[in-house]
Amino acid sequence: MFRFALIGIVFSTSSPALACLPSEWTRHDGPVFRDRMLFGLYEAASDGHVFVTDEGRVAMIYSGDDGGQSSIKLAFGTDWTTWEEWGALLGPSKQPDAITHKETAFYFRASSTDHRIYFIGYTDEDTYQSNVFMAQAPDLLGPWEIIPEPIIARGPTAGRDVYLITSPSVVAYDGGLVMAWLGWNGFEDVTEVWSFTATTQLGSQVWHNIAETDIPIGMEGQITERPDGGFVAVATRETSTGEEGIFAFCADDPLGPWTPVPEPLLTLAGDRWEVDEIIAPSITYDPQTNEPYLFYTAAEHSRGWRMMMAVPN
């Protein structure tokens with residue numbers, strides 16, 4: 001799985017306003033989910049998107065391994081900290097003729113019989129020329145069908161030359177859908193990363209109004225609708241002292257403007273779990289209590305990626 005060193009990206013934000021999340025959070029003691037591969041010697045559980053199903057089950061889709069390929073897998077939680085792998089949803093064992101490698105997935109339920117996963121796909125790990133794809137199923141457990149053509153393609157985008165794409169997230173707004181994603185100007189020689197948005201109608205697979213928009217989701221963060229009807233975005237970026245941290249931003253409209261939560265929610269612990277990076281953050285709300293949970297990936301490059309969780313103090 002590919003990762004970049006953190007690139008400093010400045011997002012414009014609105015004037016200070018009431019924060020939608022507290023600034024002080026407490027980590028769970030160690031990873032909440034680990035998925036091992038290569039005879040248990042390496043871990044591959046990253047880019048988690050956690051949500052609650054209509055039946056009240058806590059679920060997570062994540063980037064994991066299926067047949068030696070980066071794929072989209074599913075786990076269920078008996079609670080927010082206890083998870084069990086279910087298996088692959090999008091991978092060679094399920095769709096052998098589809099795009100080879102799949103990562104940074106986002107689940108969206110359009111209706112009880114229209115379940116969607118938006119994800120990036122690419123054929124060559126050496127070039128990582130990724131586009132955004134979509135899969136659909138009548139049920140969370142499938143069967144899932146991947147639309148063969150990208151719904152958002154790399155290349156010229158709103159005046160930028162995008163080499164690869166990561167981190168799609170989709171929210172419902174104003175009778176339609178808004179997608180946000182990141183475009184990178186290279187792979188191993190990255191110097192710029194931009195955030196983009198597009199809109200569509202619920203029943204359409206064609207996205208319009210593609211624009212470069214200041215959405216604070218780098219690196220590999222997500223947008224989530226809040227229980228009060230607003231939105232929260234989370235991002236990994238540098239603190240004022242140069243540490244890596246997870247930051248949150250609030251908005252009434254997914255296109256912004258975004259108001260930052262004053263302090264980082266977490267900074268890299270540098271302990272046995274958070275060794276090299278904390279990336280791919282997302283916020284999930286308990287539908288019963290409206291309490292927020294922060295899920296993120298802790299990377300130890302020599303041993304893999306693990307899913308972590310934190311709660312407000």
Undergrad: What heavy-atom pair brings Glu85 and Phe33 nearest, and what distance separates the two atoms?
TA: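 Smallest interatomic distance, heavy atoms only, reads N-CE1, 3.9 Å.
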Undergrad: Short question: side chain of Gln201, backbone of Val206 - any donor-acceptor pair under 3.5 Å?
TA: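 No: the side chain of Gln201 does not pair with the backbone of Val206.
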Undergrad: Please verify the inter-ring angle class for Trp83 with Phe295; under 30° counts as parallel, over 60° as perpendicular, anything in between as tilted.
TA: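 Perpendicular.
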Undergrad: Nearest 0.5 Å please: distance from the CD atom of Glu103 over to the OG atom of Ser167.
TA: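 Glu103 atom CD to Ser167 atom OG measures 9.5 Å (nearest 0.5 Å).
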Undergrad: Keeping the roles fixed (side chain from Thr81, backbone from Val32), state whether a donor-acceptor pair exists under 3.5 Å.
TA: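 A pair under 3.5 Å: no.
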Undergrad: Please check this pair: side chain of Thr224 against backbone of Ile283, looking for a donor-acceptor N/O pair closer than 3.5 Å.
TA: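 Looks like yes, one N/O pair under 3.5 Å.
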Undergrad: Checking Glu225 against Tyr285 for the side chain to side chain contact (heavy atoms under 4.5 Å, CB included) test, could you report, in this order, the C-alpha distance in whole Å, the side-chain angles of both residues, the deciding distance, and whether it holds?
TA: CA-CA 9 Å; Glu225 184 176 359; Tyr285 291 91; over 6 Å; no
Undergrad: Is there a chain of hydrophobic side chains (I, L, V, M, F, W, Y, each step under 4.5 Å between heavy atoms) that links Val162 to Ile120?
TA: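 In one cluster: yes.
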Undergrad: Taking atom types as modelled, find out whether Asp114 and Gln136 have a side-chain donor-acceptor pair closer than 3.5 angstrom.
TA: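 Yes, because at least one side-chain N or O of Asp114 sits under 3.5 Å from a partner of the opposite role on Gln136.
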Undergrad: Nearest 0.5 Å please: distance from the OH atom of Tyr122 over to the CG atom of Asn131.
TA: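 If I round to the nearest 0.5 Å, the distance is 12.5 Å.
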Undergrad: More than 12 foreign heavy atoms under 6.0 Å from CD of Glu300: is that the case here?
TA: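 Above 12, so yes.
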Undergrad: Should we say atom CG of Asp29 is surrounded by more than 12 heavy atoms from elsewhere, each under 6.0 Å from it?
TA: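 Count not over threshold, so no.
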Undergrad: What I'd like to find out is whether the side chain of Ile152 reaches to under 4.5 Å of the side chain of Pro168, using heavy atoms alone.
TA: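 When only atoms from C-beta onward are counted, Pro168 and Ile152 do not touch, as no gap falls below 4.5 Å.
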Undergrad: With a 4.5 Å heavy-atom cut-off, do Gln95 and Leu90 have their side chains touching?
TA: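 With C-beta onward as the side chain, the pair touches.
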Undergrad: Does Ile215 offer a backbone N or O that forms a donor-acceptor pair with the side chain of Ser195 under 3.5 Å?
TA: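 Checking the backbone N and O of Ile215 against the side chain of Ser195, a donor-acceptor pair under 3.5 Å is found.
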Undergrad: For the side chain of Thr267 and the backbone of Gly245, is there at least one donor-acceptor N/O pair under 3.5 Å apart?
TA: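 No, the answer is negative, given that no donor and acceptor are paired below the 3.5 Å cut-off.
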Undergrad: Under 3.5 Å, is there a donor-acceptor pair linking the side chains of Ser71 and Gln69?
TA: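 Judged by distance alone, the side chains do not pair up.
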Undergrad: Where do Pro216 and Asp214 come nearest, in terms of heavy atoms and distance?
TA: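 Shortest heavy-atom separation between Pro216 and Asp214 comes out as CD-O, 3.8 Å.
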Undergrad: Could you tell me whether a side-chain N or O of Tyr163 sits under 3.5 Å from a main-chain N or O of Thr127, the two making a donor and an acceptor?
TA: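 Judged by distance alone, yes, a pair lies under 3.5 Å.
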Undergrad: So which atom in Pro260 and which in Trp258 form the shortest heavy-atom distance, rounded to 0.1 Å?
TA: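 For Pro260 versus Trp258, the nearest heavy atoms are CD-O, 3.9 Å.
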Undergrad: We want to know whether Asp47 and Thr104 form a side-chain donor-acceptor pair, criterion being a heavy-atom distance below 3.5 angstrom.
TA: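 Absent: no donor and acceptor within the cut-off.
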Undergrad: Is the shortest side-chain heavy-atom distance between Ile117 and Lys102 below 4.5 Å?
TA: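 Heavy-atom side-chain distance check fails, nothing below 4.5 Å.
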Undergrad: Run the side chain to side chain contact (heavy atoms under 4.5 Å, CB included) check on Glu84 and Phe76 step by step: do they pass?
TA: CA-CA 6 Å; Glu84 182 176 350; Phe76 284 110; 5.9 Å; no
Undergrad: Between CG of Leu164 and CG of Leu182, what distance do you get to the nearest 0.5 Å?
TA: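 It comes to 9.5 Å.
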Undergrad: Short question: side chain of Thr199, backbone of Leu177 - any donor-acceptor pair under 3.5 Å?
TA: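 No.
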Undergrad: Just verifying a value: how many Å separate Phe247 CZ and Ser23 OG, rounded to the nearest 0.5 Å?
TA: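 Separation between the atoms: 10.0 Å.
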Undergrad: Are Glu277 and His301 close enough that some pair of their side-chain heavy atoms sits under 4.5 Å apart?
TA: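 When only atoms from C-beta onward are counted, His301 and Glu277 do touch, with a gap below 4.5 Å.
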Undergrad: Tell me whether Glu274 contacts the main-chain N or O of Ala269 through its side chain, where contact means a donor paired with an acceptor under 3.5 Å.
TA: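 Yes.
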Undergrad: Mind checking the CG-CE spacing from Leu294 to Met309? Nearest 0.5 Å is all I need.
TA: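 Atom-to-atom, Leu294:CG and Met309:CE are 9.0 Å apart.
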Undergrad: Begin with the C-alpha distance, continue with both residues' side-chain angles, and end with the deciding distance and a verdict on side chain to side chain contact (heavy atoms under 4.5 Å, CB included) for Ile278 and Met308.
TA: CA-CA 9 Å; Ile278 46 175; Met308 314 291 286; over 6 Å; no
Undergrad: Any side-chain heavy atom of Leu140 sitting closer than 4.5 Å to one from Phe51?
TA: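 Side chain of Leu140 against side chain of Phe51, heavy atoms only: contact under 4.5 Å found.
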Undergrad: Do Leu74 and Ile146 sit in the same hydrophobic cluster, where Ile, Leu, Val, Met, Phe, Trp and Tyr count as joined when their side-chain heavy atoms come under 4.5 Å apart?
TA: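 Cluster IDs for Leu74 and Ile146 match.
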Undergrad: Would you say Phe108 and Ile151 are hydrophobically clustered, going by side-chain heavy atoms of ILVMFWY under 4.5 Å?
TA: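 In one cluster with Phe108: Ile151, yes.
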Undergrad: Quick check on the hydrophobic clustering: are Trp184 and Trp194 connected, directly or via other members, by side-chain heavy-atom contacts under 4.5 Å?
TA: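 Per the 4.5 Å side-chain linkage, Trp184 and Trp194 are co-clustered.
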Undergrad: Given the rule that I, L, V, M, F, W and Y join up when any side-chain heavy atoms are under 4.5 Å apart, are Trp181 and Val232 in one cluster?
TA: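 The answer is no; the residues belong to distinct hydrophobic clusters.
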Undergrad: Can you name the closest pair of heavy atoms from Arg27 and Ala310 and give their distance?
TA: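 In this case the closest contact between Arg27 and Ala310 is CA-CB, 4.0 Å.
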Undergrad: Mind checking whether Asp161 and Asn185 have side chains closer than 4.5 Å, heavy atoms only?
TA: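 No. Closest side-chain heavy atoms not under 4.5 Å.
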Undergrad: Step through the shown structure and confirm whether more than 12 heavy atoms of other residues, nucleotides or ligands are within 6.0 Å of CD on Glu149.
TA: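 Open: at most 12 neighbouring heavy atoms sit under 6.0 Å from CD of Glu149.
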Undergrad: For Val50, does its backbone N or O pair with a side-chain atom of Thr284 as donor and acceptor, under 3.5 Å?
TA: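 Checking the backbone N and O of Val50 against the side chain of Thr284, a donor-acceptor pair under 3.5 Å is found.
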Undergrad: What heavy-atom pair brings Ala198 and Ile210 nearest, and what distance separates the two atoms?
TA: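 In this case the closest contact between Ala198 and Ile210 is CB-CG1, 3.7 Å.
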Undergrad: In sequence, state the C-alpha distance, the side-chain angles, and the governing distance for Ile217 and Phe249, and then conclude on side chain to side chain contact (heavy atoms under 4.5 Å, CB included).
TA: CA-CA 9 Å; Ile217 55 172; Phe249 304 79; over 6 Å; no
Undergrad: Between Tyr118 and Met134, is any pair of side-chain heavy atoms under 4.5 Å apart?
TA: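 Tyr118 reaches Met134 side chain to side chain.
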Undergrad: Looking only at heavy atoms, which two atoms of Thr236 and Glu244 are closest? And how far apart?
TA: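 Taking every non-hydrogen atom into account, CG2-CG, 3.5 Å.
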Undergrad: Roughly how far, to the nearest 0.5 Å, is CE of Met307 from OG of Ser46?
TA: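 If we round to the nearest 0.5 Å, Ser46:OG and Met307:CE are 8.0 Å apart.
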Undergrad: Just checking Asp252: does its CG atom have more than 12 heavy atoms from other residues, nucleotides or ligands closer to it than 6.0 angstrom?
TA: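 12 or below, so no.
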Undergrad: Taking Asp66 for its side chain and Ala88 for its backbone only, find out whether a donor-acceptor pair lies under 3.5 Å.
TA: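 Not confirmed, Asp66 side chain does not pair with Ala88 backbone.
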Undergrad: Below 30° counts as parallel, above 60° as perpendicular, anything between as tilted: where do the rings of Trp144 and His115 land?
TA: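 Rings of Trp144 and His115: perpendicular, over 60°.
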Undergrad: Describe, in one word, how the ring planes of His49 and Phe106 are oriented to each other, choosing from parallel (under 30°), tilted (30 to 60°) and perpendicular (over 60°).
TA: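 Because their plane-to-plane angle is under 30°, the rings of His49 and Phe106 count as parallel.
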Undergrad: Quick one: are Pro227 and Pro287 in side-chain contact, heavy atoms under 4.5 Å?
TA: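 With C-beta onward as the side chain, the pair stays apart.
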Undergrad: Give a yes or no on this: more than 12 heavy atoms of other residues, nucleotides or ligands lie within 6.0 Å of atom CZ of Arg303.
TA: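 Count not over threshold, so no.
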